[in-house]
Amino acid sequence: MTKIVAKLFLKWAGGKTQLIKQIKTQLPQSIIENNFTYIEPFVGSGAILFWMLQRFPNMQKVVINEFNFRY
Ligand SMILES: C[S@@+](CC[C@H](N)C(=O)[O-])C[C@H]1O[C@@H](n2cnc3c(N)ncnc32)[C@H](O)[C@@H]1O
């Protein structure tokens, strides 16, 4: 079976890629053991979202939001 890996496709000011190590230590054990919904109100480039999608196959739903008013 082919494994599809979602990857980050944008570089974003304020992206949290460098903080993944620290964020990982703060995640509750329950998200490893149980199905869960991931909600991210300020998704930006989705650095954390894409990392979560790869790392936690038991993520059942994703709710994201983004509003970029600098255009
Ligand atoms: C620092 S970035 C998010 C980084 C991202 N969570 C990651 O994984 O790297 C913050 C984002 O919040 C968005 N934002 C700011 N104010 C917002 C608002 N009121 N509603 C929704 N998104 C907003 C910005 O456009 C920006 O993309």
Side-chain angles (χ1 to χ4, degrees):
M1 189 187 343
T2 307
K3 186 179 175 202
I4 298 171
V5 179
K7 282 190 179 168
L8 192 61
F9 55 88
L10 286 175
K11 278 229 178 246
W12 202 264
K16 302 291 178 277
T17 305
Q18 294 91 335
L19 295 177
I20 285 175
K21 232 182 198 173
Q22 288 97 310
I23 291 169
K24 204 171 158 184
T25 66
Q26 302 303 312
L27 296 174
Q29 182 70 16
S30 59
I31 69 167
I32 295 166
E33 295 161 356
N34 306 306
N35 293 337
F36 67 98
T37 297
Y38 179 71
I39 302 171
E40 183 152 0
F42 306 107
V43 78
S45 65
I48 302 304
L49 168 68
F50 285 110
W51 175 76
M52 293 282 293
L53 285 167
Q54 288 178 45
R55 184 79 167 65
F56 300 101
N58 52 332
M59 187 192 298
Q60 290 233 303
K61 289 183 190 169
V62 173
V63 180
I64 56 173
N65 181 61
E66 170 60 38
F67 177 70
N68 190 328
F69 50 88
R70 291 163 292 196
Y71 54 85

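Atoms within a ligand are numbered from 1 in the order they appear, just like the ligands themselves. What you see is a predicted model, and the numbers here were worked out from it, not measured in a lab. Heavy atoms only: backbone and side chains are in, while hydrogens, waters and symmetry mates are out.
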Tell me whether [X] shares a hydrophobic cluster with [Y], the cluster being built from Ile, Leu, Val, Met, Phe, Trp, Tyr side chains joined at under 4.5 Å.
X     : Y     : answer
Phe42 : Leu19 : no
Val62 : Ile48 : yes
Ile39 : Ile64 : no

Nitrogen or oxygen atoms of [X] and ligand 1 under 3.5 Å apart:
X     : value
Ile48 : yes
Leu49 : no
Thr17 : no
Ser45 : no

So which protein heavy atom does [atom] come closest to, and at what separation?
atom                    : result
atom 12 (O) of ligand 1 : Phe42 CB, 3.3 Å
atom 27 (O) of ligand 1 : Trp12 NE1, 2.7 Å
atom 25 (O) of ligand 1 : Glu66 OE2, 2.4 Å
atom 9 (O) of ligand 1  : Lys16 N, 2.7 Å
atom 5 (C) of ligand 1  : Val43 O, 3.3 Å
atom 22 (N) of ligand 1 : Phe67 N, 3.1 Å
atom 6 (N) of ligand 1  : Glu40 OE2, 2.5 Å

Self-check item: Any residue meeting side-chain contact (heavy atoms from CB on, under 4.5 Å) with Gln29, in chain and number order, not counting sequence neighbours
Solution: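 Gln29 satisfies side-chain contact (heavy atoms from CB on, under 4.5 Å) with Ile32, Glu33 only.
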Practice problem: Grab the two heavy atoms, one from Ala47 and one from Ile20, that are nearest each other, plus how far apart they are. | Solution: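 The pair with the smallest heavy-atom distance is O-CD1, 4.5 Å.
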Quiz prompt | Shortest non-hydrogen contact between Arg55 and Pro57, atoms and distance | solution =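 Smallest interatomic distance, heavy atoms only, reads O-CD, 3.3 Å.
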Quiz item: If you look only at pairs with a residue in residues 36-50, which of them pass as a side chain to side chain donor-acceptor pair (under 3.5 Å), with sequence neighbours excluded?
Solution: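 For residues 36-50, and leaving out neighbouring residues, the side chain to side chain donor-acceptor pair (under 3.5 Å) pairs sorted by first residue read Tyr38-Glu40.
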Check ligand 1 against [X] and write out every atom of the ligand that is under 4.0 Å from a heavy-atom position of the residue.
X     : result
Ala47 : 7 (C), 8 (O), 9 (O)
Gly15 : 9 (O)
Gly44 : 27 (O)

Quiz item: Is a side-chain N or O of Lys16 found less than 3.5 angstrom from the main chain of Gly14, in a donor-acceptor match?
Solution: yes
Quiz item: Are the side chain of Asn58 and the backbone of Phe36 linked by a donor-acceptor contact shorter than 3.5 Å?
Solution: no
Quiz item: When rounded to the nearest 0.5 angstrom, what distance separates CE in Met59 from CD in Gln54?
Solution: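 Those atoms lie 10.5 Å apart.
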Quiz prompt | Within reach of ligand 1, part of Asn65 (heavy-atom separation under 4.0 Å) | solution = side chain
